[in-house]
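As a basis for the values below, the full set of heavy atoms in this structure was taken, side chains included, without hydrogen atoms, waters or symmetry mates.
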Amino acid sequence: MVMAVSFERYGRLYYLDPGEFRPRVGEKVLVPTDDGPEVAECVWAPQYVTEDIGGLPLCAGIATATDLDRDEQNRQRRADARVIAKRTIREHDLPMKVVGIDFVDRRPDIDQLVIVYFSAPHRVDFRELVRDLARALRARIELRQVGARDEARLQGGIGPCGRDLCCATFLKDFEPVSVRMAKDQDLPLNPLKISGACGRLMCCLKYEHPLYQEFNAKAPALGAAVETPAGDGVVVGHNVPSDTVVVRLAASGRRCACSRADVCSPRQQYEASGTTTPDAAPVVPEASAAPEQPEPTEERRARKPRRRRRLHHDDEGETTQ
């Protein structure tokens, strides 16, 4: 069985093995972490799956009233630490932006630990800042610099599609994205249109790219002559999400959207018959065509002197007259 939990509302999902527990949706459970069990909300109730999934962390149990009180106190401590960190950074005049705060109080080697995630355009000397934060928060301080994509993952937000950011919900790892992927998907090469909230190329270009590659490999190219249930026409556009092609009909000139399966079958028949267009004549195989015999070299050489002699006599005759 598999269940899914989230530490933040509409946050990233984490999958667990429920074990002997059967929490309901919205119920608080304990999730094992490196710093001890933490409280999370059950988003998907335990359910059976067809595939054998192994290696999932085991649910530590249902959260008690003590665990809920501790989680609420830590939330308040993180909010207070965020305010103090911003004020201290402003006092030191450092080019840093606080992205997130973590409060750890269950590690055996440390009483209290405050982890400050920040972003900066370059490396920052924050030695004095750490001392002032440790004095103000009365805890051990650890500062971690993150990149633009990690900043968007920690803060969350709404993408250009109108939904929550992929990196903040289900995307686990960041994979390299190139402009070539945007070209293959016929997207405008405008940075404002193909960039996400982090200012980098959108991650969805990467995991949607194989779909476009498969479609372009099997669908007829633009300008190809095809047969459709509505008649013959020419391909003028592709619609990859709906798996259709836009065809301009030869008879009426109007455009219609046809399924890729309806268009690819006649195209394969044309290619198998060796014709490029419906009205084209059959192509004669090269093996049956008689090879063109080149003229002998000696005969060509023999004709040239005779032609020259004939021209020479004509010239003499003209001069004689």
Please step through side-chain contact (heavy atoms from CB on, under 4.5 Å) for the pair Phe215 and Asn239, ending with a clear verdict. CA-CA 9 Å; Phe215 183 91; Asn239 192 344; over 6 Å; no
Do [X] and [Y] belong together in a cluster built from hydrophobic side chains that touch within less than 4.5 Å?
| X | Y | result |
| --- | --- | --- |
| Leu133 | Val124 | yes |
| Val146 | Val104 | yes |
| Ile89 | Ile101 | yes |
| Phe103 | Ile115 | no |
| Met202 | Val179 | yes |

Any side-chain heavy atom of [X] within less than 4.5 Å of one from [Y]?
| X | Y | answer |
| --- | --- | --- |
| Asp164 | Ile158 | yes |
| Leu129 | Met96 | yes |
| Leu154 | Tyr117 | yes |
| Pro57 | Tyr14 | no |
| Pro23 | Ile62 | yes |
| Phe174 | Asp150 | yes |

Does a salt bridge link [X] with [Y], judged by any charged N lying under 4.0 Å from a carboxylate O?
| X | Y | result |
| --- | --- | --- |
| Glu142 | Arg144 | yes |
| Lys28 | Glu38 | no |
| Asp80 | Arg77 | no |

Pairwise distance [atom1]([X]) to [atom2]([Y]) - rounded to 0.5 angstrom:
| X | Y | atom1 | atom2 | answer |
| --- | --- | --- | --- | --- |
| Ile84 | Arg87 | CD1 | CZ | 5.5 Å |
| Arg22 | Met3 | CZ | CE | 10.0 Å |
| Asp105 | Leu113 | CG | CG | 10.0 Å |
| Arg163 | Cys204 | CZ | SG | 11.5 Å |
| Glu227 | Cys258 | CD | SG | 11.5 Å |
| Leu30 | Thr64 | CG | OG1 | 7.0 Å |

For Glu91 and Asp132: C-alpha separation, side-chain torsions, deciding distance, then whether side-chain contact (heavy atoms from CB on, under 4.5 Å) applies. CA-CA 10 Å; Glu91 292 175 355; Asp132 293 346; 5.9 Å; no
For Val99, is there any backbone N or O sitting under 3.5 Å from a side-chain donor or acceptor partner on Arg82?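 Yes; judged by distance alone, with no hydrogens or angles, the pair exists.
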Tell me whether Asn74 contacts the main-chain N or O of Asp71 through its side chain, where contact means a donor paired with an acceptor under 3.5 Å.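 No; judged by distance alone, with no hydrogens or angles, the pair does not exist.
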Which pair of non-hydrogen atoms, one from [X] and one from [Y], has the smallest distance, and what is that distance?
| X | Y | result |
| --- | --- | --- |
| Pro18 | Met1 | CD-O, 3.3 Å |
| Arg75 | Phe7 | NH2-O, 3.5 Å |
| Leu222 | His238 | CD2-NE2, 4.1 Å |
| Pro191 | Leu189 | CD-O, 3.6 Å |
| Val114 | Ala139 | CG2-CB, 4.0 Å |
| Cys256 | Leu249 | SG-CD2, 3.9 Å |

Reference residue Val177; test side chain to side chain contact (heavy atoms under 4.5 Å, CB included); the match among His209, Lys206, Arg200: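 Going through the options one by one, the only one that passes is Lys206.
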For Glu27, is the CD atom crowded, meaning more than 12 foreign heavy atoms sit under 6.0 Å from it?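 Enclosed.
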Surrounding CG of Asp93 (heavy atoms of other residues, nucleotides or ligands, distance under 6.0 Å), is the total greater than 12?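 At most 12 heavy atoms, drawn from other residues, nucleotides or ligands, come within 6.0 Å of this atom.
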Evaluate the criterion side-chain contact (heavy atoms from CB on, under 4.5 Å) for residue pair Met181 and Asp184; output intermediate values, then yes/no. CA-CA 5 Å; Met181 299 178 183; Asp184 294 342; 5.6 Å; no
Apply side-chain contact (heavy atoms from CB on, under 4.5 Å) to the pair Leu205 and Leu187, showing each step before the final yes or no. CA-CA 10 Å; Leu205 296 177; Leu187 294 177; 3.4 Å; yes
